[in-house]
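Here's the structure we're looking at; comments come further down.
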Amino acid sequence: MTLRIGIIGCGGIGQEHARRLHFKLAGAQVVAINDINLAAATQFSEMSGIQARVLDSDQAVIDAPDVDALVVASWGPAHEEQVLACIKAGKPVFCEKPLAVTAEGARRIVDAEVQAGKKLVQVGFMRRYDAGYRALKATLDAGTVGDALLVHAAHRNPAVPEMYVGDMSITDTFIHEIDVFRWLLNDDYVSVQVIEGRKTRNAHAGLHDPITVLLETRQGIRIDTEIYVACRFGYDIQCHVVGETGVASLPEPMSVPLRSNARQGSGILMDWKLRFIDSYDVELQDWIEATVRGEVNGPDAWDGYVASVTAEACIEARRTKQILPIALPERPAFYARQG
Ligand code: NAI
Ligand code: ISE
């Protein structure tokens with residue numbers, strides 16, 4: 001069966017996902033699209049060669065009888081309403097992160113899905129599909145370094161645009177670590193502290209950069225993450241898990257080791273799109289296949305909600321300069337862990 005897909009939001013990642021689903025992956029076809037910028041959606045539909053119908057509202061795409069499932073890739077503040085509309089229509093939806101811009105909004109999605117009685121929502125936390133993170137998780141789950149005790153991590157971007165301000169280091173960037181560490185460690189968070197140190201002269205006026213986030217998990221694992229989005233030298237994702245008998249690290253992306261000009265070394269990627277390009281493919285292929293089976297196999301609405309609660313706690317901890325508890329309700333049986 002070919003899954004017929006509607007895309008809502010045809011900006012940067014919406015276009016990439018549309019191309020990937022339509023031309024690269026198996027079992028899917030993009031049949032309808034919408035963007036609040038209709039002219040841009042029309043241009044994309046034609047220029048990309050997808051030639052999908054451009055509908056004049058998000059609701060029209062959701063309601064289209066030939067659309068089996070939706071991809072929401074609009075900007076964050078629109079996600080809640082669009083995902084709720086998909087649940088109301090009983091259609092599976094892949095929503096890019098964040099699920100909603102507030103924890104309350106994400107909770108409304110969880111409640112609506114539970115009420116509907118069927119899992120329909122997957123959130124775009126693609127790092128769970130990255131081969132490196134999967135190998136690291138397999139190593140930890142096998143007990144190779146004993147129980148995890150500490151995690152040292154970094155999320156570094158060479159630069160961010162002027163519109164990236166305030167708490168976006170948390171809501172736009174660190175949100176990926178928030179999700180992937182819970183999954184990696186089979187754990188949840190209980191407290192957070194955020195430390196602002198010396199600011200780089202390369203960060204623009206509206207942004208304090210870098211920051212350090214310290215998370216504590218239920219099992220007592222301590223995670224420190226540097227978020228440094230004006231680091232200039234590359235897009236560099238680090239994760240080192242210290243266990244009782246060793247250290248397990250996230251593999252570096254493949255790069256040719258060089259000895260040249262009296263130096264040895266290897267390249268560092270500059271663009272986040274390239275760093276996780278394979279994981280987007282694996283993520284969406286898995287979503288297509290699970291959707292056809294009538295299942296949600298990836299990060300679900302509960303994961304999206306937990307990420308929002310944690311991000312809000314990080315923001316408050318940063319504002320108050322305090323160590324704050326992270327209060328999570330019990331996971332409903334509806335969202336039983338899939339491992
Ligand atoms: P973008 O700004 O390039 O594109 C967003 C598009 O949504 C624009 O074309 C805009 O006109 C459209 N839009 C806004 N409101 C809309 C509405 N109500 N209905 C229909 N269209 C609407 O942003 P980008 O980078 O593509 O990000 C989109 C989402 O994807 C964001 O939530 C972002 O956080 C997430 N994202 C996820 C990534 C990942 O690694 N998983 C990477 C990049 C973005
Ligand atoms: C961006 O929005 C993403 O989602 C990327 O995956 C992330 O690594 C980057 O730092 C964000 O700005």
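Note that ligands are numbered from 1 as they come in the structure, with each ligand's atoms numbered from 1 the same way.
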Open item on the list: Going by the closest heavy atom to atom 6 (O) of ligand 2, which one wins out of H176, H155, R156?
Closed with: H176

TODO: Measure the spacing between CG of L184 and OH of Y133 and express it to the nearest 0.5 Å.
DONE: 8.0 Å

Open item on the list: I need the nearest protein heavy-atom contact for atom 9 (C) of ligand 2: residue, atom name and distance, please.
Closed with: N157 ND2, 3.7 Å

Task: Pairwise side-chain contact, Q285 with R20, heavy-atom cut-off 4.5 Å (strictly under) - done: no

Open item on the list: Below 4.0 Å, non-hydrogen atoms only: which portion of R275 touches ligand 2? Side chain, backbone, both or neither.
Closed with: neither

Task: Proximal atoms of ligand 1 relative to H79 (non-hydrogen, under 4.0 Å) - done: 32 (O)

Open item on the list: Tell me the protein heavy atom at minimum distance from atom 25 (O) of ligand 1, and give that distance in Å.
Closed with: I13 N, 4.4 Å

TODO: State the atoms of ligand 2, each with its element, that fall below the 4.0 Å cut-off from a heavy-atom position in T173.
DONE: 10 (O), 11 (C), 12 (O)

Open item on the list: Using a 3.5 Å cut-off on N or O atoms only, is M126 in polar contact with ligand 1?
Closed with: no

Task: Any protein heavy atom < 4.0 Å from atom 2 (O) of ligand 1 - done: no

- [ ] Quick one: look up the protein heavy atom nearest atom 11 (O) of ligand 1 and list residue, atom name and how far away it is.
- [x] D35 OD1, 2.6 Å

Task: Atoms of ligand 1, numbered as shown, that sit under 4.0 Å from any heavy atom of A78 - done: 18 (N)

- [ ] Kindly identify the option in K273, K97, E96 whose heavy atom sits closest to atom 32 (O) of ligand 1.
- [x] K97

Open item on the list: Taking distance alone, with N or O pairs closer than 3.5 Å, would you say Y235 contacts ligand 2?
Closed with: yes

Task: Y280 near ligand 1 by a heavy-atom separation under 4.0 Å - done: yes

Task: ligand 1 to G12 polar contact by distance, N or O atoms, under 3.5 Å - done: yes

TODO: Could you tell me the residue and atom name of the protein heavy atom closest to atom 1 (C) of ligand 2, and the distance to it rounded to 0.1 Å?
DONE: D172 OD2, 3.7 Å

TODO: Please write down residue, atom name and distance for the protein heavy atom closest to atom 13 (N) of ligand 1.
DONE: I36 CG1, 3.5 Å

Task: Short N or O distance, W272 and ligand 1, threshold 3.5 Å exclusive - done: no

TODO: Look only at interatomic distance and state if K97 has a nitrogen or oxygen under 3.5 Å from any nitrogen or oxygen of ligand 2.
DONE: yes

Task: H204 ring center within less than 6.0 Å of Y164 ring center - done: no

Task: Interfacing atoms of ligand 1 (cut-off 4.0 Å, heavy-atom, S74) - done: 7 (O), 13 (N), 16 (C), 21 (N), 22 (C), 28 (C), 29 (C), 31 (C), 32 (O)

Open item on the list: For the 3.5 Å polar cut-off, considering only N or O atoms, please tell me whether D58 and ligand 1 meet it.
Closed with: no

Open item on the list: Checking a contact table here: which protein heavy atom is nearest atom 14 (C) of ligand 1, and how many Å away?
Closed with: W75 CD1, 3.1 Å

Task: Pick from C95, S279, A73: the one approaching atom 28 (C) of ligand 1 most closely through a non-hydrogen atom - done: A73

Open item on the list: For ligand 1, which is the ligand I care about here, please tell me if I8 has any N or O atom under 3.5 Å from one of the ligand's N or O atoms.
Closed with: no

